[in-house]
Each structure stands twice: as structure tokens, then as C-alpha cells.
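Okay, structure first, notes after.
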Amino acid sequence: MNIKSFSKIIRRPEVLNKTGWSKSTLYNRINDGVFPKPISLGARAVGFVESECDKVVQAMIAGYTEQQLRTLVQSIIGKRGMKEFSNDS
């Protein structure tokens, strides 16, 4: 199987380092819909898709309003699972 693109998964400490937020601020932003939710990595572990986090941070730098951020996050979450894999046999 040949995967055309690979999304890096980062853990919470790296997200906090990239954003400068506290844990509570991160989870408040997730609950408010202005930051992407983490994905499950197993029974007791989650991670964040780095490219999704980067898009939202860039939008914040660009001055997006909270409503624009919500729309962006909804779009990002909606695209999960829509990536196609090619099978080269």
C-alpha cells in the first residue's frame, strides 16, 4: 500500500508548546469549537493532527474571528476520513 500523504500526530505537550496555552485553555478552545479535537490513539491516549493545528494557528495569526475559526475547525474535522489511499499491487 502506498500512502500519498502522511499526517504527523503530535501529543498534547507539543500542542501546548506550539501555542503557549495552558491545558485548560487548550480544552476550553476545543470545547468552544475554535481548535480541532484530538484523535484517539488507543484506549487511553489521544493525539492531535499537526497539520490541522498548524492551519488553525495560522488562521489565528491572520486575525480570524471566533466564528471564522469555528467554521474552519468544522471544515477541518469534516475532512477527516476523506483522504484516499492508493493500493499499488
Side-chain angles (χ1 to χ4, degrees):
M1 177 164 63
N2 183 14
I3 300 174
K4 292 186 178 186
S5 66
F6 179 76
S7 296
K8 183 177 177 187
I9 305 300
I10 58 177
R11 300 298 296 272
R12 185 183 65 211
E14 191 169 346
V15 174
L16 297 177
N17 187 44
K18 283 179 172 252
T19 60
W21 297 335
S22 66
K23 286 189 291 185
S24 61
T25 298
L26 173 64
Y27 286 105
N28 284 338
R29 289 181 182 259
I30 291 168
N31 289 336
D32 292 343
V34 295
F35 201 78
K37 294 179 181 182
I39 61 170
S40 176
L41 299 177
R44 296 182 53 177
V46 297
F48 295 82
V49 179
E50 184 176 42
S51 60
E52 294 176 356
C53 296
D54 290 344
K55 285 179 188 175
V56 173
V57 169
Q58 288 299 317
M60 292 170 65
I61 292 169
Y64 278 37
T65 65
E66 278 200 18
Q67 186 55 48
Q68 289 172 316
L69 288 172
R70 279 188 195 94
T71 301
L72 174 62
V73 169
Q74 288 172 352
S75 171
I76 288 169
I77 300 299
K79 290 179 183 175
R80 286 183 180 173
M82 294 178 63
K83 305 276 187 213
E84 285 191 26
F85 297 98
S86 66
N87 188 359
D88 295 338
S89 300

Can you give each donor-acceptor pair under 3.5 Å made by side-chain atoms of residues 29-49, sequence neighbours left out, with the distance rounded to 0.1 Å?
unit_1: N31; atom_1: ND2; unit_2: Y27; atom_2: O; d: 3.2
unit_1: S40; atom_1: OG; unit_2: G42; atom_2: N; d: 3.4
unit_1: S40; atom_1: OG; unit_2: G42; atom_2: O; d: 3.1

Task: Side-chain ion pair, E50 and K18, N-O less than 4.0 Å - done: yes
TODO: List the steps, then state whether side chain to side chain contact (heavy atoms under 4.5 Å, CB included) holds for L26 with T19.
DONE: CA-CA 9 Å; L26 173 64; T19 60; 5.7 Å; no
Task: Side-chain (N28) to main-chain (S24) donor-acceptor, under 3.5 angstrom - done: yes
Open item on the list: Is there a path of hydrophobic side-chain contacts, each under 4.5 Å between heavy atoms of I/L/V/M/F/W/Y residues, joining Y64 to V73?
Closed with: yes
Open item on the list: Please check this pair: side chain of S75 against backbone of T71, looking for a donor-acceptor N/O pair closer than 3.5 Å.
Closed with: no
Open item on the list: With rounding to the nearest 0.5 angstrom, report the CD to CG distance, E52 to L72.
Closed with: 9.5 Å
Task: Same cluster (ILVMFWY, side-chain, under 4.5 Å), I9 and I76 - done: no
